[in-house]
Trainee: 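If you scroll down you'll find the structure; I have some questions about it.
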Amino acid sequence: MSSIKIECILPGNCRLGESPVWEEASNSLLFVDIPAKKVCRWDSLSQQVQQVTVDAPVSSVALRQSGGYVATIGTKFCALNWEDQSAIVLATVDKDKKNNRFNDGKVDPAGRYFAANRRSVYKLEKEEQIPDGMCIDAEGKLWVACYNGGRVIRLDPETGKRLQTVKLPVDKTTSCCFGGKDYSEMYVTCARDGIDPEGLLRQPEVGGIFKITGLGIKGIPPYPYAG
């Protein structure tokens, strides 16, 4: 078995990085910085980052089958055009709740884009703190980023048994996805907000994007929004 390697590929200082999605066509990683109102795209070949700034906190981004991307911005589902950096509203929910916003979003195998203000969580061990973003590998097992736990864990969704733990050099791990060649790499986002000065000194790479290699497990491509 190859040894696991963890590296910070992008010291971007995200306030609250979330929703990593691999785009195979461009060899790029998409992710959002929720309070900074930014959708970011990191090109793995050029190592360059592009970003689009929107008008409200953006909680998730996804690929779109017809081209471009979709994102949950505030309480709106939006189509995102990267070329002209525009966001077109597709639908709005909770119009009467001005302080509300989406918390996360994913596209299911049928191409439907789901988003929620609250989430259901698995019961985890106490030291793993708060389950956050998740993804599924090619074997049908669940990977969960543990907020305030500084780790991603692999679970058997049928039994709830923990199969593997990978610790990262930051506390507030937020989400994860598979990507890279053959989807054999894992990408992990994290948060910088809420960490005191001592914690920032202890975690110099906090707010960055991390790549994990050597897991010996592959993921599956993300599902695109069919609309």
Side-chain angles (χ1 to χ4, degrees), residues 8-95 97-108 111-117 132-133 135 145 174-180 183 185 187-193 206-211 221-227:
C8 182
I9 57 166
L10 184 61
N13 293 325
C14 283
R15 291 179 56 191
L16 177 49
E18 262 283 10
S19 187
V21 179
W22 184 258
E23 184 178 37
E24 187 174 347
S26 63
N27 291 297
S28 298
L29 180 75
L30 293 157
F31 61 95
V32 303
D33 188 346
I34 297 176
K37 306 176 184 178
K38 292 178 181 178
V39 180
C40 304
R41 185 172 70 183
W42 173 74
D43 188 316
S44 65
L45 302 180
S46 69
Q47 305 288 303
Q48 298 299 308
V49 181
Q50 297 176 316
Q51 61 187 33
V52 173
T53 301
V54 294
D55 63 359
V58 52
S59 55
S60 70
V61 63
L63 308 181
R64 192 177 190 186
Q65 189 170 299
S66 59
Y69 312 112
V70 284
T72 48
I73 302 171
T75 56
K76 305 184 294 287
F77 288 95
C78 296
L80 195 63
N81 186 311
W82 200 265
E83 275 59 47
D84 63 14
Q85 301 202 343
S86 64
I88 300 172
V89 177
L90 301 175
T92 303
V93 301
D94 292 342
K95 293 181 180 180
K97 300 176 182 178
K98 294 183 178 180
N99 294 324
N100 204 1
R101 70 165 176 83
F102 284 125
N103 193 45
D104 209 343
K106 286 274 190 181
V107 178
D108 75 353
R112 298 171 297 183
Y113 195 8
F114 284 88
N117 296 319
D132 204 339
C135 67
T174 56
S175 193
C176 54
C177 79
F178 283 94
Y183 291 89
E185 302 167 347
Y187 292 88
V188 181
T189 53
C190 67
R192 183 182 181 89
D193 277 10
V206 70
I209 305 296
F210 292 86
K211 180 172 73 173
Y223 299 111
Y225 171 59

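Counting begins at 1 with the first residue of the sequence.
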Trainee: When you look at CD1 of I88, are more than 12 heavy atoms from neighbouring residues, nucleotides or ligands closer to it than 6.0 Å?
Mentor: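 Not buried by this count: 12 neighbours or fewer within 6.0 Å.
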
Trainee: Should V61 and V70 count as side-chain neighbours, where that means a heavy-atom distance under 4.5 Å?
Mentor: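 They are not in side-chain contact.
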
Trainee: For Q85 and W82, indicate whether the former's side chain and the latter's backbone hold a donor-acceptor pair under 3.5 Å.
Mentor: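 Side chain of Q85 to backbone of W82: no pair is present.
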
Trainee: Can you give me the closest heavy-atom contact between V206 and A191, atom names plus distance?
Mentor: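 Closest approach of V206 to A191, heavy atoms only: CG2-O, 3.3 Å.
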
Trainee: Atom SG of C190 and atom CD1 of I209: how far apart are they, to the nearest 0.5 Å?
Mentor: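 Between atom SG of C190 and atom CD1 of I209 there are 6.5 Å.
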
Trainee: Quick one: does any side-chain atom of S28 pair with a main-chain N or O of E23 as donor and acceptor, under 3.5 Å?
Mentor: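 Not confirmed, S28 side chain does not pair with E23 backbone.
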
Trainee: Apply side chain to side chain contact (heavy atoms under 4.5 Å, CB included) to residues V89 and F77 and explain how you reach the verdict.
Mentor: CA-CA 6 Å; V89 177; F77 288 95; over 6 Å; no

Trainee: Taking only Lys NZ, Arg NE, NH1 and NH2, and the carboxylate oxygens of Asp or Glu, determine whether D33 and R15 approach each other closer than 4.0 Å.
Mentor: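 Salt bridge: no.
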
Trainee: Answer yes or no: is there a side-chain heavy-atom contact under 4.5 Å between K76 and D55?
Mentor: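 Yes, at least one pair of side-chain atoms sits under 4.5 Å.
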
Trainee: Mind checking ring-ring contact (aromatic ring centres under 6.0 Å, His included) for Y225 and listing every partner two or more places apart, or none if nothing turns up?
Mentor: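 Y225 satisfies ring-ring contact (aromatic ring centres under 6.0 Å, His included) with no other residue.
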
Trainee: Could you point out which residue of W42, Y223, Y187, F178 forms a ring pair (Phe, Tyr, Trp, His ring centres under 6.0 Å) with W22?
Mentor: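 By the ring pair (Phe, Tyr, Trp, His ring centres under 6.0 Å) criterion, W22 pairs with just one of W42, Y223, Y187, F178: Y187.
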
Trainee: Look at the side chain of S86 and the backbone N and O of D84, then say whether any donor-acceptor pair between them is shorter than 3.5 Å.
Mentor: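 No: the side chain of S86 does not pair with the backbone of D84.
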
Trainee: Indicate whether the side chain of T72 and that of S60 have a donor and an acceptor atom separated by less than 3.5 Å.
Mentor: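 Yes, because at least one side-chain N or O of T72 sits under 3.5 Å from a partner of the opposite role on S60.
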
Trainee: Is the backbone of T189 close enough, under 3.5 Å, to the side chain of T174 for a donor and an acceptor to pair up by distance?
Mentor: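 Here the side-chain-to-backbone pair exists.
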
Trainee: Quick one: closest heavy-atom pair of S19 and V32, and the distance?
Mentor: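 For S19 and V32, the tightest heavy-atom pair comes out as CB-CG2, 4.1 Å.
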
Trainee: Do you know the tightest heavy-atom contact between K37 and V58?
Mentor: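 Looking at all heavy atoms of both residues, the closest pair is C-CG1, 3.8 Å.
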
Trainee: So, using ring-ring contact (aromatic ring centres under 6.0 Å, His included) as the criterion, who are the partners of F210 when residues are at least two apart?
Mentor: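 F210: no ring-ring contact (aromatic ring centres under 6.0 Å, His included) contacts found.
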
Trainee: On a heavy-atom basis, which atom in S175 and which in E18 lie closest, and how many Å separate them?
Mentor: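 Closest pair (atom of S175, atom of E18, distance): CB-OE1, 3.2 Å.
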
Trainee: Testing L10, V39, V21 one by one against F31 for a side chain to side chain contact (heavy atoms under 4.5 Å, CB included), which residue passes?
Mentor: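 The residue from L10, V39, V21 that satisfies side chain to side chain contact (heavy atoms under 4.5 Å, CB included) with F31 turns out to be L10.
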
Trainee: For the residue pair R64 and L80, establish whether any side-chain heavy-atom pair is separated by less than 4.5 Å.
Mentor: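 The answer is no, as the side chains (C-beta and beyond) never meet within the 4.5 Å cut-off.
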
Trainee: For the CD atom of Q50 and the OG atom of S26, what is their distance to the nearest 0.5 Å?
Mentor: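 Those atoms lie 9.0 Å apart.
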
Trainee: For C135 and C176, work out which heavy atoms get closest and say how close.
Mentor: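 Shortest heavy-atom contact: CB-O, 3.5 Å.
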
Trainee: With side chains defined as the heavy atoms from C-beta onward, is the minimum distance between L29 and C177 less than 4.5 Å?
Mentor: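 Of all side-chain heavy-atom pairs linking C177 with L29, at least one is under 4.5 Å.
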
Trainee: Looking at every heavy atom in both G208 and C8, which two are closest together, and how far apart are they?
Mentor: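 Closest heavy-atom pair between G208 and C8: CA-SG, 4.1 Å.
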
Trainee: When you compare the side chain of D193 with that of P35, does any pair of heavy atoms fall below 4.5 Å?
Mentor: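 Sidechains of D193 and P35: in contact.
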
